[in-house]
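Heads up: numbering here begins at 1 and tracks the sequence. We use all heavy atoms of the structure for the numbers below, so side chains are in, but hydrogens, waters and symmetry mates are not.
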Amino acid sequence: MFKHLKENIDCILERDPAARSRFEILTCYPGLHAVTMHRLANFFWRKKWSWIARFISHVSRFLTGIEIHPGATLGRRVFIDHGFGVVIGETAVIGDDCTIYQGVTLGGTSLYKGEKRHPTLKEGVVVGAGAQILGGFEVGSYARIGSNAVVVKPVPDHATAVGNPARIIVKDKTGTKPQQTESANDIEATVPASNLDSGTSFNDAPCQERYNDGALQQIIKSRTRSENTDSSADDGFTPYAVESSSDDPVAQAIQELANHAA
C-alpha cells in the first residue's frame with residue numbers, strides 16, 4: 001500500500017502544476033485519500049467482507065465527496081483531480097495512469113447482477129470534467145473523453161470523444177486528425193436567416209458577394225483551422241481531455257457566435 005501511495009503522490013506532482021510538495025498532496029488532496037481508502041475497501045471486498053468494505057467506502061464518500069464502489073478495480077497511478085461528484089460503479093475497471101476530473105460518472109445501463117455493467121478504462125485515459133461514460137464497454141488506451149461528453153459506445157485507442165451524444169474523433173496513422181473540409185453550401189445553415197434577403201438563395205451571386213469577405217469566410221477559416229490542427233498531446237499529458245480549445249464543442253459554439261456577431 002505504501003508503494004502505491006508513493007506512486008500516486010509522484011504522479012500528482014507530475015500532472016498537477018498546483019501541487020507544491022508531497023506533504024501538501026498527502027494532506028490536502030481528496031482524490032489521493034479516496035483512492036487510498038478504496039484500496040482498503042477493495043481488500044475487504046475481495047475477502048467477502050462486504051459490509052465493512054461498503055462502510056469504508058461510505059466514510060470515504062463522506063470525507064472526500066468521491067464515491068467509489070469497493071468492487072471497482074483501480075490500477076496504479078490513478079489520479080482523481082478535484083474529484084467532487086465522481087461516481088465509479090461496482091464493475092468499473094480503471095487502468096494504470098488514468099486521470100479523472102470532477103463530476104465524472106462511470107455508470108451502468110443494466111440492472112442485472114453479475115454482468116459487466118460499468119466501463120473499462122485502459123491505460124492512460126483522461127476523462128474531462130462532467131463526462132458520463134455509461135455501459136460495460138472499453139475506452140481504449142490513451143483515449144480522451146472531453147468535458148461533459150456522454151459516451152455510450154466503445155472508444156478506440158488514442159481517440160477523442162466529445163459532445164452529447166459523443167462523437168469519436170480518430171487520428172490517422174500520421175498522428176493528425178482526418179482533414180475535413182466544408183463547402184459554402186455546408187456552411188449555409190450556420191448563417192443567420194435574418195441576414196439573407198427573402199427569396200434569395202445562398203448560391204445567388206449577390207448573396208455570395210455579400211458573405212465572401214465577411215462572416216462566412218471567418219467561419220470557414222476557423223473551422224478549417226480547428227479541423228487541421230495537429231496536436232502534440234500524445235507526447236505528454238493533456239489536462240481535461242482536450243487537445244486544444246478547438247476540440248471543445250462549447251468553445252466552438254461561442255467562437256461561431258462571435259463570428260456571426262462580427
Can you give me the closest heavy-atom contact between Gly107 and Pro119, atom names plus distance?
O-CD, 3.4 Å

Looking at NE2 of His69 and CG of Asn42, how far apart are the two atoms once the value is rounded to the nearest 0.5 Å?
10.5 Å

How long is the span from the CH2 atom in Trp45 to the CZ atom in Arg54, to the nearest 0.5 Å?
6.0 Å

Between Val151 and Leu134, is the side-chain contact (heavy atoms from CB on, under 4.5 Å) condition met? List the steps.
CA-CA 6 Å; Val151 184; Leu134 309 175; over 6 Å; no

Determine, step by step, whether Arg22 and Asp10 satisfy the salt bridge (Lys or Arg N to Asp or Glu O under 4.0 Å) criterion, reporting the C-alpha distance in whole Å, the side-chain angles of both residues, the deciding distance to 0.1 Å, and the verdict.
CA-CA 8 Å; Arg22 286 180 169 81; Asp10 289 340; 2.8 Å; yes

Decide yes or no for Ile68 and Ile66: does some side-chain heavy atom of the first lie under 4.5 Å from some side-chain heavy atom of the second?
yes

May I have the step-by-step check of side-chain hydrogen bond (donor to acceptor under 3.5 Å, both in side chains) for Glu123 and Ser141, ending in yes or no?
CA-CA 5 Å; Glu123 66 271 16; Ser141 302; 3.0 Å; yes

Between Ala34 and Ser60, the two heavy atoms sitting closest are CA-OG, 3.7 Å

Distance, nearest 0.5 Å, that separates NZ of Lys116 from CD of Glu90
10.5 Å

Identify whether Val152 and Ile145 are in the same connected component of the hydrophobic contact network (ILVMFWY, side-chain heavy atoms under 4.5 Å).
no

Trace of the side-chain contact (heavy atoms from CB on, under 4.5 Å) decision for Asn8 with Arg39
CA-CA 12 Å; Asn8 287 340; Arg39 298 197 188 282; 4.1 Å; yes

Might you point out which heavy atoms bring Ala41 and Ser57 nearest each other, and give the distance in Å?
CB-N, 4.3 Å

Ionic contact status for Lys122 with Asp97, cut-off 4.0 Å
no

Result for side-chain contact (heavy atoms from CB on, under 4.5 Å) between Ile80 and one of Ile94, Val86, Thr64 points to Val86

Heavy-atom donor-acceptor pair, His38 side chain to Ala72 backbone, under 3.5 Å:
yes

Following the transitive rule for hydrophobic clusters with a side-chain heavy-atom cut-off under 4.5 Å over Ile, Leu, Val, Met, Phe, Trp and Tyr, establish whether Trp51 and Phe62 coincide in one cluster.
yes

I'd like to know whether Ile133 forms a side-chain contact (heavy atoms from CB on, under 4.5 Å) with Thr105, so could you lay out the CA-CA distance, the side-chain angles of the two residues, the decisive distance to 0.1 Å, and finally the verdict.
CA-CA 6 Å; Ile133 308 177; Thr105 299; over 6 Å; no

Show the nearest heavy-atom pair for residues Gly124 and Cys98, with the distance to one decimal.
N-SG, 3.9 Å

Between Arg15 and Thr99, is any side-chain donor less than 3.5 angstrom from a side-chain acceptor?
yes

Students often mix this up, so state it plainly: with edges at 30° and 60°, are the rings of His58 and Phe55 parallel, tilted or perpendicular?
tilted

Taking the side chain from Arg20 and the backbone from Ala18, do they hold a donor-acceptor pair closer than 3.5 Å?
yes

Between Tyr29 and Leu26, is there shared hydrophobic-cluster membership here, with clusters defined by ILVMFWY side-chain heavy atoms closer than 4.5 Å?
yes

Side chain Glu67, main chain Gly65, donor-acceptor under 3.5 Å
no

Taking CG in Leu257 as the centre, count heavy atoms belonging to other residues, nucleotides or ligands within less than 6.0 Å. Is the count above 12?
yes

Under a 4.5 Å cut-off applied to non-hydrogen side-chain atoms, are Lys153 and Ile168 in contact?
yes

Contact summary for Gln132 and Gly130, nearest pair of heavy atoms:
NE2-O, 2.9 Å

CG (Asp81) and CD1 (Ile100) are apart, to the nearest 0.5 Å, by 11.0 Å

Hydrophobic cluster identity match, Phe43 and Ile56, side-chain contacts under 4.5 Å:
yes

Treating Ile, Leu, Val, Met, Phe, Trp and Tyr as nodes and any side-chain heavy-atom pair under 4.5 angstrom as an edge, say whether Val170 and Leu121 lie in one connected cluster.
yes

Enter the distance from Ser147:OG to Gln102:CD here, rounded to the nearest 0.5 Å.
8.0 Å

In terms of ring plane angle, is the pair His82 and Tyr101 parallel, tilted or perpendicular, where the classes change at 30° and 60°?
tilted

Verify side-chain contact (heavy atoms from CB on, under 4.5 Å) between His118 and Leu106, making sure each step is shown before the conclusion.
CA-CA 6 Å; His118 304 91; Leu106 304 184; 5.5 Å; no

Residues Thr109 and Gly135: closest non-hydrogen pair is OG1-CA, 4.1 Å

Report the distance from atom CG of Leu13 to atom CD1 of Ile25, rounding to the nearest 0.5 Å.
3.5 Å

